[in-house]
Asker: 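Before we start, here is the structure in question, set down as structure tokens.
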Amino acid sequence: MNNTSGFPHLFSPLTIGSMQLKNRAVMPAMGTGYANMDSTVSDRLIQYLARRAQGGTGLIITEVTAVNPRGKGFLNELGIWNDDFIKTLSKIPDAIHWEGGKVAIQLHHAGRETFPQAAGGMPEAPSAIPSVIFNQPCEMMSIERIHEVINDFADAAVRAQTAGFDSIELHGAHGYLLNQFLSPFSNQREDEYGGSEENRFRFVIEVIAATRNAVGPEYPVIIRITADELIKGGYTLESMVRLAPRLEEAGASAIHVSVGVYSSPGGPSIASMDTPAGFNLFRAHAIRDVVNVPVIGVGRIADPEIAEKAISEKDADLISFGRQHLADPDFINKIQLNDLSNIRPCVACNQGCIERMSLEMKSATCSFNPECGQEFRGAPTKVKKPLNVWVVGAGPAGLSAALAASKRGHVVEIFEQEDVPGGQMRSVSKPPNKEVFWSWVEWAVRQLNQSGVLIRHKNKVTQEMFAQGKPDAVIMATGAYPVTAPIPGIDSPHVSDAREVLMGKVEISGPAAILGAGYVGMETADFLLDKGIKTAVLEMQPLPPVGNYTSHGYWLHKRLKKGGGKLILGAKVTRITQDAVQFIKEDEEQTLSFTSVITAMGAQSDTQLSDVLGKLNIRHVIVGDAKSPRRILEAIHEGHRAGSEI
Ligand SMILES: Cc1cc2nc3c(=O)[nH]c(=O)nc-3n(C[C@H](O)[C@H](O)[C@H](O)COP(=O)(O)OP(=O)(O)OC[C@H]3O[C@@H](n4cnc5c(N)ncnc54)[C@H](O)[C@@H]3O)c2cc1C
Ligand SMILES: Cc1cc2nc3c(=O)[nH]c(=O)nc-3n(C[C@H](O)[C@H](O)[C@H](O)COP(=O)(O)O)c2cc1C
Ligand code: SF4
């Protein structure tokens, strides 16, 4: 590919030891859950990784790979703890080299950040202090055990080298074992591996030295660090600035500068859209100032301008683009071709990737890229006999369905009753920091325009239209409409729905009560507080439906508090009057004054037309919220599947 890019720094080559990289773009390690249950490589994982290398990325770092079984952080974490793994692991470098990329494997021990089923027994750690998140008892490692684990890392590195990996990355970040030894929060030993900073540094330095010794002088050994734990009692950037030259001295060939641990408030390691792009680069800069080896910067970087600037201004030598690789595997090639408007953006929602893994115990994907993790199925074939396909609704489900159906060669028309596409995305993108969601709608419409698919706006599909138009097949993506509860006063003129408020269809000036503290209610509160409008959210449940353990949830709660908003839990609203809301909380009737009331009480599928299609005997599929109100992920993935299978 010609370097026509306006990003000369990002596309300049770099050599790290024996590894020559064609550009400065890195895909950092991202656990997928695609490996087999016996910790071996699956075809699904290989195809997913190869697809990322095909997209032009210089260095792919594969996900956490356990150096011994006790170090596994999840059940099907990849393993490299004996020679039997070498043969199947070698399929990864084979596939990535075939695509012209280079590959490092991330060597990992979870320490206390795991659970007995994954670790095959009690987790081990520098001190017997349970993980804040897992809260499982763990065993303090003996000196003998420490030496064994150091050897495990070195042996694993040799296996990686034998399997054909171009490099290894030692996972010293995010609160895992190496990080645990560095931290005064998790390492309270009193022997030579704890106590003073010098002693806390010892384990990591010995792991690097042993690894370097095992793989020889030229083989690249990258170390990933958390530059600041961002927790009370944890270490800070100053400590890592002291450590960095020691890492280099011990044999590190590059330093990958991440941030945060499991329990850092707001989840900065995998930051949501609430954290500014490139927020962690200043830490990479501080580390780069004290070492002579290349430094990799990471943290909410999807914009090539930010990456280019970071390299040219010497914040970092390479840039890790994490989730952007899930959202669009081709984005590096697109950057190189200056085809920026066709990049499908990662919006930093975390819903389809890390939260799907950690909260739903499912494998990772991307809400906005339904092909992520499905690469092994191959691309859908072109149809021999194109059908006349109608897609009803231009929300996420409809747009995604139309894209997939037109890719297969069908003749697709989209009908949308509104004058703009997007469906609920029009209100989704209005609260603070969520504008970026609209960029997916723009991306999808651009792809449809390029494929010649027509969106017929202001076209509400009716029963008669089906009977007259007689499409061969219909994808129903009509979404869901908001519902309320039968509360006296709910039909008053000063009561409106959250979507109307977010869309600016009603003006809210005075103190507002929002009924319902799910994401829609919390984000509407965020939206109003941002405009300086006093807001309280009333929720029937005793616990907040939006937890502060997700990155976005954390920031929503924080901004609500900071903005003077109230969250009243366990409040059953009984009446809405002209200027107040009455509710029962803990068996006590209470009244609060508000001039506006906003409902955010859920949604119901729109099924009227689907019933008609059955009667007309027209082949049809119902997708997204029209099937049942859920999320963007389900809408986009179901739409894609329907369009691919029709
Ligand atoms: C404020 C808010 C914030 C949200 N935030 C998130 C979030 O952060 N993450 C997340 O995953 N989900 C979020 N959601 C939910 C998400 O927006 C929906 O799950 C998603 O939009 C559903 O997509 P859909 O295409 O199925 O339906 P919709 O988005 O509802 O689209 C349906 C479309 O069909 C059109 N239509 C209906 N009937 C007809 C007809 N007869 N003829 C022609 N057109 C018709 C409608 O006008 C609409 O454009 C949020 C929702 C709201 C309201
Ligand atoms: C699904 C998922 C899994 C991750 N797994 C790992 C991992 O195995 N090892 C690691 O060091 N970081 C892991 N991370 C963190 C990423 O490597 C990266 O540092 C983080 O996503 C921030 O980069 P980004 O803002 O460009 O996405 C993971 C992130 C995600 C989204
Ligand atoms: S699910 Fe959200 S955060 Fe994760 S890759 Fe996709 S857009 Fe990015």
Side-chain angles (χ1 to χ4, degrees), residues 27-33 61-65 73 77 106 108 169 171 173-174 176 224 256 258-259 269-273 275 277 280 298-302 320-327 344-358 364-369 372 392-401 414-418 420-431 434 437 440 456 459-462 465 476-482 498-499 502 519-520 523-524 527 552 600 603 606 608-609 623-627 629-636 638-639:
M27 171 166 138
M30 282 181 287
T32 56
I61 306 178
T62 66
E63 65 196 75
V64 278
T65 305
E77 179 170 330
Q106 188 179 56
H108 176 238
E169 178 176 79
H171 197 343
H174 304 163
Y176 292 119
R224 190 168 218 203
H256 195 164
S258 190
V259 67
S269 306
I270 309 176
S272 68
M273 60 286 203
T275 304
N280 187 41
V298 65
R300 275 276 277 126
I301 307 171
S320 261
F321 302 86
R323 291 161 288 177
Q324 183 56 50
H325 271 97
L326 307 180
R344 177 170 35 204
C346 162
V347 306
C349 66
N350 280 351
Q351 287 181 337
C353 50
I354 192 64
E355 287 175 12
R356 195 161 188 268
M357 283 190 81
S358 56
T365 179
C366 167
S367 298
F368 293 84
N369 175 10
C372 178
V392 188
L399 295 174
S400 169
I414 309 178
F415 294 84
E416 169 55 54
Q417 64 189 4
E418 301 290 339
V420 280
Q424 291 171 62
M425 291 290 256
R426 290 177 302 146
S427 41
V428 172
S429 54
K430 295 290 190 261
K434 289 193 78 184
F437 281 63
W440 178 83
R456 297 190 186 282
N459 252 294
K460 183 177 167 80
V461 172
T462 59
M465 284 167 74
M476 290 297 291
T478 46
Y481 54 87
R499 294 191 203 176
L502 292 168
Y519 272 107
V520 175
E523 288 184 351
T524 307
F527 173 83
H552 184 50
D606 198 342
Q608 278 178 20
L609 278 175
V623 293
D625 274 15
K627 191 170 166 189
R630 284 155 297 158
R631 302 173 299 177
I632 294 164
L633 185 148
E634 286 77 14
I636 290 181
E638 277 173 19

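These numbers come from the heavy atoms of this one structure, side chains and all, not from hydrogens, waters or symmetry mates. Ligands are counted one by one from 1 in listed order, and the atoms in each one are counted from 1 as well. Here the structure is a predicted model, which means the values were calculated and not measured.
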Asker: Out of N459, V428, L609, who gets a non-hydrogen atom closest to atom 14 (N) of ligand 1?
Answerer: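 It is V428 that holds the nearest heavy atom.
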
Asker: Any idea which of A477, G352, G393, A397 brings a heavy atom closest to atom 25 (O) of ligand 1?
Answerer: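 Residue with the shortest heavy-atom distance to the ligand atom: A397.
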
Asker: Which residue from T32, I270, L326, T275 reaches closest to atom 30 (C) of ligand 2 through any of its heavy atoms?
Answerer: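 Minimum heavy-atom distance to atom 30 (C) of ligand 2 goes to I270.
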
Asker: Show me which atoms of ligand 2 lie under 4.0 Å from any heavy atom of P28.
Answerer: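 Here the atoms of ligand 2 in question are 17 (O).
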
Asker: Quick one: which ligand 3 atoms are inside 4.0 Å of a heavy atom on S367?
Answerer: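 Ligand 3 atoms under the 4.0 Å threshold to S367: 1 (S), 6 (Fe).
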
Asker: Tell me whether C353 has at least one N, O or S atom under 2.8 Å from atom 2 (Fe) of ligand 3.
Answerer: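 No.
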
Asker: Tell me which protein heavy atom sits closest to atom 9 (N) of ligand 2, plus the residue, atom name and distance to 0.1 Å.
Answerer: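 Looking only at protein heavy atoms, the one closest to atom 9 (N) of ligand 2 is Q106 OE1, 2.8 Å.
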
Asker: F368 heavy atoms, cut-off 4.0 Å: which ligand 3 atoms fall inside?
Answerer: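 Listed by number with element, the hits are 7 (S).
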
Asker: Backbone or side chain, does C366 get an N/O/S atom under 2.8 Å to atom 8 (Fe) of ligand 3?
Answerer: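 So C366 does not count as coordinating atom 8 (Fe) of ligand 3.
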
Asker: Measuring from non-hydrogen atoms of S269 to any atom of ligand 2, is the shortest distance under 4.0 Å?
Answerer: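 Heavy atoms of S269 do come under 4.0 Å of ligand 2.
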
Asker: Just jot down the ligand 1 atoms closer than 4.0 angstrom to any heavy atom of V392, in number order.
Answerer: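 Answer for ligand 1: 40 (C), 42 (N), 43 (C).
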
Asker: Between A327, A271, C349, A364, which one has a non-hydrogen atom sitting closest to atom 2 (Fe) of ligand 3?
Answerer: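 Comparing heavy atoms across A327, A271, C349, A364, the nearest one to atom 2 (Fe) of ligand 3 lies in C349.
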
Asker: Quick one: which of I414, I632, V461 has a heavy atom closest to atom 10 (C) of ligand 1?
Answerer: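 The residue whose heavy atom sits nearest atom 10 (C) of ligand 1 is I632.
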
Asker: In terms of atom number and element, which parts of ligand 1 are under 4.0 angstrom from non-hydrogen atoms of L502?
Answerer: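 Heavy-atom distances to L502 below 4.0 Å select 1 (C).
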
Asker: From the options M30, R224, H174, R323, select the one whose nearest heavy atom is closest to atom 18 (C) of ligand 2.
Answerer: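 Answer by nearest heavy atom: R224.
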
Asker: How far is atom 2 (C) of ligand 1 from its nearest protein heavy atom, and which residue and atom is that?
Answerer: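 Result for atom 2 (C) of ligand 1: V520 CG2, 3.7 Å.
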
Asker: What are the atoms of ligand 3, with element, lying closer than 4.0 Å to any heavy atom of R323?
Answerer: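 Near R323, the atoms of ligand 3 are 3 (S), 5 (S), 8 (Fe).
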
Asker: So, is E169 polar-close to ligand 2, with some N/O to N/O distance under 3.5 Å?
Answerer: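 There is no such contact.
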
Asker: For atom 7 (C) of ligand 1, tell me which residue out of E418, K434, R456 has the closest non-hydrogen atom.
Answerer: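 Closest candidate by heavy-atom distance is K434.
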
Asker: To the closest 0.5 Å, what do you measure between NE2 (H552) and OG1 (T275)?
Answerer: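 The distance works out to 11.0 Å.
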
Asker: May I ask you to list the atoms of ligand 3 that are less than 4.0 angstrom from any heavy atom of A348?
Answerer: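 Heavy-atom distances to A348 below 4.0 Å select 3 (S), 8 (Fe).
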
Asker: So between G31, S258, A302, whose heavy atom ends up nearest atom 3 (C) of ligand 2?
Answerer: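 Minimum heavy-atom distance to atom 3 (C) of ligand 2 goes to G31.
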
Asker: What do we get for C372 next to ligand 3 when only non-hydrogen atoms under 4.0 Å count, side chain, backbone, both or neither?
Answerer: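 It is neither; nothing of C372 touches ligand 3.
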
Asker: Whether E416 and R456 form a salt bridge (side-chain N of Lys/Arg under 4.0 Å from carboxylate O of Asp/Glu) is what I want to check.
Answerer: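 No.
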
Asker: Among all protein heavy atoms in this structure, tell me which lies nearest to atom 51 (C) of ligand 1, with the distance rounded to 0.1 Å.
Answerer: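 Residue, atom and distance for the closest contact: Q424 OE1, 3.5 Å.
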
Asker: If the contact criterion is a heavy-atom separation under 4.0 Å, does P396 count as touching ligand 1?
Answerer: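 Per 4.0 Å heavy-atom rule, P396 contacts ligand 1.
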
Asker: Looking only at heavy atoms, is any part of T524 under 4.0 Å from ligand 1, and if so is it the side chain, the backbone, or both, or is it neither?
Answerer: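 It is neither part, as no heavy atom is under 4.0 Å.
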
Asker: Which distance, rounded to the nearest 0.5 Å, do you find between the OG1 of T62 and the CE of M27?
Answerer: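 Between T62 OG1 and M27 CE, I get 8.5 Å after rounding to 0.5 Å.
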
Asker: Using a strict cut-off of 4.0 Å, indicate which atoms of ligand 1 neighbour a heavy atom of R499.
Answerer: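 Under 4.0 Å from R499, ligand 1 has these atoms: 53 (C).
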
Asker: Can you check which of E416, Q351, Q417 brings a heavy atom nearest to atom 48 (C) of ligand 1?
Answerer: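 The residue whose heavy atom sits nearest atom 48 (C) of ligand 1 is E416.
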
